[in-house]
2 protein chains.
Amino acid sequence: MNEIDHATEAAWTALMTKSRVLLEAVETSLKSAGYPPIAWYDALLELEKAGPDGLRPFELKDRILLPQYGTSRLLNRMVKAGLVNRQDCLEDGRGQNISISEKGKSVRRAMWPIYERVLSERIGAKLKPKDAAQLASLLSKL
Amino acid sequence: MNEIDHATEAAWTALMTKSRVLLEAVETSLKSAGYPPIAWYDALLELEKAGPDGLRPFELKDRILLPQYGTSRLLNRMVKAGLVNRQDCLEDGRGQNISISEKGKSVRRAMWPIYERVLSERIGAKLKPKDAAQLASLLSKL
DNA sequence: TATATATAGATGCAACTGCATCGACATATG
DNA sequence: CATATGTCGATGCAGTTGCATCTATATATA
C-alpha cells in the first residue's frame, strides 16, 4: 500500500498552499503594524497560559513546535526585547524558568487584533462556522 | 464584523500545526534519503510540466510561491547542481529561460517515492478518499 | 561512592532568508 | 526620438536557521 490517490494529493497541495499563503498574510500584517513575528505571539501565549511560574525552555519548545536551538535563540531575543524574564531554575541547576513580563502581556494583547483581523477576513469570511469546524475536524485526524 | 468564532480559530490552529508537522516529515524523509528539499521538487515539477521550452524565472516564482529573490537563488543552486539549464532569453534581453535537465528529471523521479510514502502514511492512511476530497474542497475556499 | 549515561540549554559555523536596492533592458509618453 | 516609468533578475547586508557539538548538571549503574 503506497500509491496515493488523487484526493490525498489534492488535500496535500491545498494544505501546503493555503497554509503558506495564510501564514504569510498574518506575518505581513503583524510586521507592517510594527509587531514581532507570529512565533513570538505563540510563545507569549503559551507563557501567559502557563501562569506566573512560567515554563522551562524544553516545555515551551514542545508547545510551539520549535527545535531546541530555535527556542533557545527565540528566548534570547525575547529576553533582550524585555518581553519575558529568564531566571535560573532552583530545582535543576541546568535549567531556567521563563515567564512573561508585563510588557510581554501587553505586546501580546496588542498583536491579537491584527492577527484576528486576518483570520476573520481570510477564514471567518470564507467558511461558515460549520465548515470551519469540519475543516478542523478533518485536520485533526492527520 | 471582526470577532472570530471558535471554529475559525480551531481551523487555523489545526492548519498551522498539521501543515508544519507534515512538511517537516517530508523534508526529513527527503533529506535522510540524500535528496534536496521539497522546494526543489516543486520547481523541478513545474519545469517538467512546462515542457522543453521551460519557464522564465518570474513565471516559476508565481507557481512555487517563492519571492523573486528566493527564486533567483534557488535557481542558482539548481543550476550549480546541474538539475536545470539557464539560457539567455532571446525575446527579452533582461530575461532568461530555465529548463529542466535530464539529471533534473531523474532526480525528481527519484524523489517522488520518498515523498509519496510520507503522504501515503500521513494522509492516505488517515483519511478515506472522500474525507481527503472534502478536506481539499474546504481548503480550496480559503 | 565512582563512573557511565542522559538531559538542559548554548553556540560556532555554514547555509538560507528578507529587505532594500541596483543595473539592464523594455515599454509608454511627450 | 528623448525621457520617464516599469519589469526582470541579481546582490550586499543583516538577521535567522539547521547541524553538530559543547558544557554543565542530573540520574542510573556498578
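Residue numbers start from 1 in every chain, and the chains themselves are labelled A, B, ... in the order their sequence lines are given, proteins ahead of strands.
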If the threshold is 4.0 Å, N to carboxylate O, is there a salt bridge linking A:Glu59 and A:Arg56?
no
Name of the residue among B:Leu74, B:Asn85, B:Val84 meeting side chain to side chain contact (heavy atoms under 4.5 Å, CB included) with B:Val79
B:Val84
Is any side-chain nitrogen or oxygen of B:Ser72 closer than 4.0 Å to OP1 or OP2 of D:dG9?
no
Lys/Arg-Asp/Glu bridge criterion (N-O < 4.0 Å) met for B:Lys105, B:Glu48
no
Taking the nucleotide of DNA chain C with the nearest heavy atom to each, does B:Gly70 or A:Arg94 sit closer to the 5' end?
A:Arg94
Shortest side-chain distance from B:Asp92, nucleotide among D:dA10, C:dA26, C:dG9:
C:dA26
Where the side chain of B:Arg56 is concerned, which of C:dG9, D:dC8, C:dT7 is the nearest nucleotide?
D:dC8
Of the options D:dG18, D:dA10, C:dA8, whose atoms approach the side-chain atoms of A:Pro67 most closely?
D:dG18
So, is A:Arg86 near the phosphate of C:dA8, with a side-chain N or O under 4.0 Å from OP1 or OP2?
no
Residue met sooner reading DNA chain D from 5', once A:Gly93 and A:Trp40 are mapped to nucleotides:
A:Trp40
Counting side-chain heavy atoms from C-beta on, which of D:dT16, D:dG18, C:dT11 comes nearest to B:Lys31?
D:dG18
Counting only distance, no hydrogens or angles, is the base of D:dA10 paired donor-acceptor with the side chain of B:Gln68 under 3.5 Å?
yes
Send over the distance from B:Asn97 CG to D:dG9 P, rounded to a whole Å.
9 Å
Check the pair B:Ile123 / B:Leu135 against side chain to side chain contact (heavy atoms under 4.5 Å, CB included), numbers first and verdict last.
CA-CA 11 Å; B:Ile123 305 180; B:Leu135 174 56; 5.6 Å; no
Check every strand shown and say whether A:Lys61 touches a base, only sugar-phosphate, or nothing at a heavy-atom separation below 4.0 Å.
nothing
Regarding the side chain of A:Arg73, the nearest nucleotide among D:dC8, D:dA10, C:dC13 is C:dC13
Nearest-Å distance for atom pair CG/C1', residues A:Leu90 and C:dA8
15 Å
Between D:dG9, D:dT11, D:dT7, which one does the side chain of B:Tyr69 approach most closely?
D:dT11
